[in-house]
Amino acid sequence: MTDAETGSEAPTVLVLSRGTHGMPMSDYVSELRERLPNHEIVRARTPEEEREFIVDAEIVTGLEIDEALISRAKNLQLFAAASAGTGHLPLNALESRGVAVTNASGVHGPNIAEHVIGAILTFTRNFLRAERQQEHGEWRHFQAHELQGSTVTIVGLGAIGRAIAERLDGFGVETIGVRYSPEKGGPTDEVVGFDGLHDALARTEYLVLACPLTPETRGLIGTAEFSTLPPNAVLVNIARGKVVETDALVSALRGNAIRGAALDVTDPEPLPEDHSLWNFDNVLITPHMAGHTPEYFARLADILADNVEHVTETGSYDDLRNAVR
């Protein structure tokens, strides 16, 4: 029996085929079936099965969906994105069909926050130099820094930004949050709008980018911003590569305008093998994997299960958890 041979022509939830972070969507299906034992969960394992099963599906979940697939759906009411970002989705096409959209906001909070703390401590204690010396069997003392008393600026106070701020709470640092609506506040010691970005940068030892890529944040950190940052500042980018102007970053590193950078995202991405960013001793690069956690599908299933139960109880696709529109 295949995943599709479960007895219903109109499954409660259709799971699309593409996995994430090297984890198969079959794990996601298992988590959903555990939480929704009385609901139909169907997994499409191939593009052909996606085209077949979406015709009657009311609730669909996956990393992405295109307009061609949407056009085949006769009963689609909800697309539950398996990612926090939705900029890659055809939102206009979904809206025109009256399809509700939710995202995976909050799923990445703990693991990305831990990634950021690890990156900050790597530069605070100069672990990059320690690794280089160990590779050469070199026992030689070097100087390090202390995180306590530093100022950490977090651009973006969504679920990830808040998780980062909360985990910094025990390190004795001052935190500044930068967000579009500073009147909403946040868990940082201070919250400012984007009009206060440069004032915040001038006081920053660690700059953490945790904002979505929007027309306003594209190229947000460029030559002027690197000039404002103190020369002992470290950039940590777990947002999107295009939030930073790469040429300006390379120039800042070459000119010792900043102490270093931890980049989980780059522009371009993947970063070409011959790119100059690979050659800096004070740059830590990870291949866009800060979002990976073994708990990813469990947390994602929690969100969707809540929404499926809400729809079952109310018959409404309004007031969904993590609603995008």
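Throughout, numbering of the chain's residues begins at 1 and tracks the sequence.
- Between the D267 side chain and the V243 main chain, no donor and acceptor come within less than 3.5 Å of each other.
- Between L277 and L253, the closest side-chain pair of non-hydrogen atoms falls below 4.5 Å.
- The main-chain N or O of H145 is found under 3.5 Å from a side-chain atom of R125 such that the two form a donor-acceptor pair.
- Between L249 and F280 the shortest side-chain heavy-atom distance does not fall below 4.5 Å.
- Here the CG atom belonging to L94 is positioned 3.5 Å from the CD1 atom belonging to I70, to the nearest 0.5 angstrom.
- Contact annotation: the side chain of P268 approaches that of H275 to within less than 4.5 Å [non-hydrogen atoms, C-beta and beyond].
- With a 4.5 Å cut-off on side-chain heavy atoms, I154 and V116 do not count as touching.
- Of the possible donor and acceptor atoms, none in the side chain of T151 sits under 3.5 Å from a partner among the backbone N and O of E205.
- Using modelled atom types, no side-chain atom of R18 and backbone atom of E64 make a donor-acceptor pair closer than 3.5 Å.
- Panel note: side chain R97, backbone A93; no donor-acceptor pair is recorded below 3.5 Å.
- In this view, R179 satisfies the salt bridge (charged side-chain N to carboxylate O under 4.0 Å, His left out) rule with no residue, not counting sequence neighbours.
- Residues satisfying the salt bridge (charged side-chain N to carboxylate O under 4.0 Å, His left out) test with D199, not counting sequence neighbours, are R203.
- Side-chain atoms of V155 and I221, non-hydrogen and from C-beta on, never get closer than 4.5 Å to each other.
- Considering only heavy atoms from C-beta on, Q77 stays 4.5 Å or farther from I59 through its side chain.
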Might you work through the side chain to side chain contact (heavy atoms under 4.5 Å, CB included) test for E58 and L78, ending with a clear yes or no?
-> CA-CA 6 Å; E58 292 184 9; L78 167 63; over 6 Å; no
Could you check Y317 against H310 for ring-ring contact (aromatic ring centres under 6.0 Å, His included), going step by step and ending with a plain yes or no?
-> CA-CA 8 Å; Y317 286 87; H310 169 79; 8.5 Å; no
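- Listed for the N282 side chain is a donor-acceptor partner under 3.5 Å among the backbone atoms of R259.
- Between L209 atom CG and N237 atom CG the span is 4.5 Å, to the nearest 0.5 Å.
- Using a 4.0 Å cut-off between charged side-chain N and carboxylate O, E166 and R162 make no salt bridge.
- With hydrogens and angles left out, the side-chain atoms of S17 and E50 include a donor and acceptor closer than 3.5 Å.
- Side chains of L32 and F297 form no contact here, defined as non-hydrogen atoms less than 4.5 Å apart.
- Checked by atom type and distance alone, the side chain of N103 never pairs as donor or acceptor with a backbone atom of S83 at under 3.5 Å.
- Of the possible donor and acceptor atoms, none in the side chain of S181 sits under 3.5 Å from a partner among the backbone N and O of E183.
- The closest donor-acceptor contact from the side chain of E225 to the backbone of G222 lies under 3.5 Å.
- No donor-acceptor contact under 3.5 angstrom links the side chains of T293 and E295, judged on distance only.
- Shown here are the salt bridge (charged side-chain N to carboxylate O under 4.0 Å, His left out) partners of D306, two or more places apart in sequence or in another chain: R321.
- Checked by atom type and distance alone, the side chain of E269 never pairs as donor or acceptor with a backbone atom of V265 at under 3.5 Å.
- For the pair Q133/W139, no side-chain contact is recorded, criterion being any heavy-atom separation below 4.5 Å from C-beta on.
- To the nearest 0.5 angstrom, L14 atom CG is 8.5 Å from I65 atom CD1.
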